[in-house]
Amino acid sequence: MPMKGLIWFRTDLRLDDNPALLDAIDKCDEVAGIYIFSENQWNDHNESNVKLSFLIKNLEILEKSLSNLNIPLITLNTNSFKSLPKDLNNFSVTNNINQVFWNNEFGINESKRDDLSAQILNNSNIHVSRFDDQVIYEPGILRTGQGKPFSVFTPFKRRWIENFDMNFLEIRKPSALKKSISLNNESSKIQYSKIHKVDIDLWPAGEDAAAARLSNFLELKSRDYNQSRNSPILDGTSRISPYLALGILSPRRCILEGMKLNNFELTSGNKGICKWIDEIVWREFYRNIMHSFPKVSLNKPFQDYTDSIKWRHCDNELKAFYEGRTGFPIVDAGIRQMLTEGWMHNRLRMVVAMFFTKNMLHDWRLGEEFFMKNLIDGDFSSNNGGWQWSASTGTDAAPYFRIFNPITQSQNFDPNGDFIKKFIPELKDVSLKNIHQPKQDLFSSSDYPAPMLDLKTSRLRAIEAFKTAREFNNS
DNA sequence: GACTAGTTTTT
DNA sequence: AAAACTAGT
């Protein structure tokens, strides 16, 4: 009897550096891939339409590249994570699968789903093999001297480097199977009710496109990354986050290719490359936070005291914010970039999040949700980590009194207003002198709204709200 | 318990 | 130049 394997694909939609795929090919004579989709679950997690559209395109490409290895890709629909383990088990039993392989996901619902799936499959005498492809170190493994999980990036990174070994980055190529598997089930088309067209030029699908983008960035931009990453108009970032979010590209591959260009150094050599690798480690850091502190997945802040902050709630302000009409050009340009590209430059994510949580004093969870619903690179742990950092409710929190000034940020990082003009056409004729604060320009277009708030008083209001919550918690 | 150092800064 | 903060050693 041939050994039949099933690879359950989730956020690892690639052949390159895919440990579950490699092991399935090693151990089995015949292998199928499966992707199980749930529209309900997708919506429950606030995943965006633009990301869904990107997902579907990537699955089509994955299906083609898997077929070169003699591995068919089946897609199934399920109701939710709850119904999924049963459906996966039924499929496996019906098709006489002996072993199921997957790469772990660390979200709280995802872990539960995976544990339950493994249990049900084991009960059917199907062996389960689980791997890690999202991180260099299994979450929770790196610990402080006191044996606690890290909650500050720098010491985490220090330990990460201390324990690092080049062997971690050994990447094998998968080989093709001799024979294709025969299945009793047909694939079903992924069911969804709404879809958003992805700009194919901005986000070409597939791992070849991802690899090309990575090498293009590393060759042309990585050395200047230390400086140019802060300028939204220079576009000095790699823009690989959508590929990382769905696993079209692996973080290990990113680190390896970066290190190759830097004489295999992590801390010395080119500052830009080191900084960029840092960002991959940040991603791993926030995955560790999600793993070690389940509360952040349960709508709770990392800093407990911030739960008693009295957030404001104003529907008009929220509406203006969601549409990119706050009257602060750099904030609005960032929001409008996200609404048109499905992606926002990281400097602007911070500016926008800080403005929302501090100046507007609105609950960071609303902003977190707004981003997830509109980003092509939506990733729970990175998005949650970033929002909580900005809101000073999270790990490594910026002291609550350190509040970005959107005008200063605009002057520093979009000095000529080029980025503002690109995304806010109403302001295209505003003079350089007034572009960061257009309402002071007599000739500015009346289409653009007046500032929704006063920066100085709203800043003090936020500091006061944090102070009150802190004192309330100490008493 | 003292000391160090901190992604992304402000007035 | 200073600060209303604090994890990790």
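Here is how names work: the chains are called A, B, and so on, in the same order as the sequence lines, proteins then strands, and each is numbered from 1. Predicted model, so just to flag it, every value in this text is computed and none were measured.
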### Task
Mark yes when over 12 heavy atoms from residues, nucleotides or ligands other than A:K295 sit less than 6.0 Å from its NZ; otherwise mark no.
yes
d([atom1], [X]; [atom2], [N]) in whole Å:
X      : N     : atom1 : atom2 : answer
A:L460 : C:dA3 : CG    : C1'   : 15 Å
A:F156 : B:dA5 : CZ    : C1'   : 18 Å
A:F285 : B:dG6 : CZ    : C1'   : 12 Å

### Query
Which part of the nucleic acid, if any, lies within reach of A:R349 when heavy atoms closer than 4.0 Å are counted: base, sugar-phosphate only, or nothing?
nothing
### Message
Heavy atoms only, 4.0 Å cut-off, all strands: where does A:F150 land among base, sugar-phosphate and nothing?
### Response
sugar-phosphate
Validation row, ring centre [X] to ring centre [Y] under 6.0 Å:
X      : Y      : result
A:F356 : A:F370 : no
A:W42  : A:Y192 : no
A:F380 : A:F106 : no

### Query
Judged by modelled atom types alone, do A:Y448 and A:D332 share a side-chain donor-acceptor pair under 3.5 Å?
yes
### Message
Regarding A:E265 and A:S268, do their side chains bring together a donor and an acceptor under 3.5 Å, going by distance alone?
### Response
yes
Short N/O separations, protein against nucleotides 8-11 of chain B, under 3.5 angstrom:
residue, atom, partner, partner atom, Å
B:dT10, OP1, A:Q409, NE2, 3.1
B:dT11, OP1, A:N405, ND2, 3.2

### Query
Does A:N288 use its side chain to pair, donor to acceptor, with the backbone of A:G140 at less than 3.5 Å?
yes
### Message
Determine whether a donor-acceptor pair (N or O, by modelled atom type, separation under 3.5 Å) exists between the side chain of A:R365 and the backbone of A:N299.
### Response
yes
### Task
Tell me, please, whether A:F293 has A:K300 positioned over its six-membered ring: NZ or CZ under 6.0 Å from the ring centre and within 45 degrees of its axis?
no
### Basic-acidic side-chain contact under 4.0 Å: A:R312, A:E317
yes
### Query
Looking at DNA chain C, which of residues 140-149 of chain A put a heavy atom within less than 4.0 Å of it?
A:T144, A:G145, A:Q146
### Task
Might you point out which heavy atoms bring A:M350 and A:W389 nearest each other, and give the distance in Å?
SD-CZ3, 3.9 Å
### Query
Counting only side-chain N and O atoms of A:R159, is one of them less than 4.0 Å from OP1 or OP2 of C:dA7?
no
#### Entry: Dot-bracket notation for DNA chain B, counting Watson-Crick and G-U pairs under 3.5 Å, with | for partners on another strand
.|||||..||.
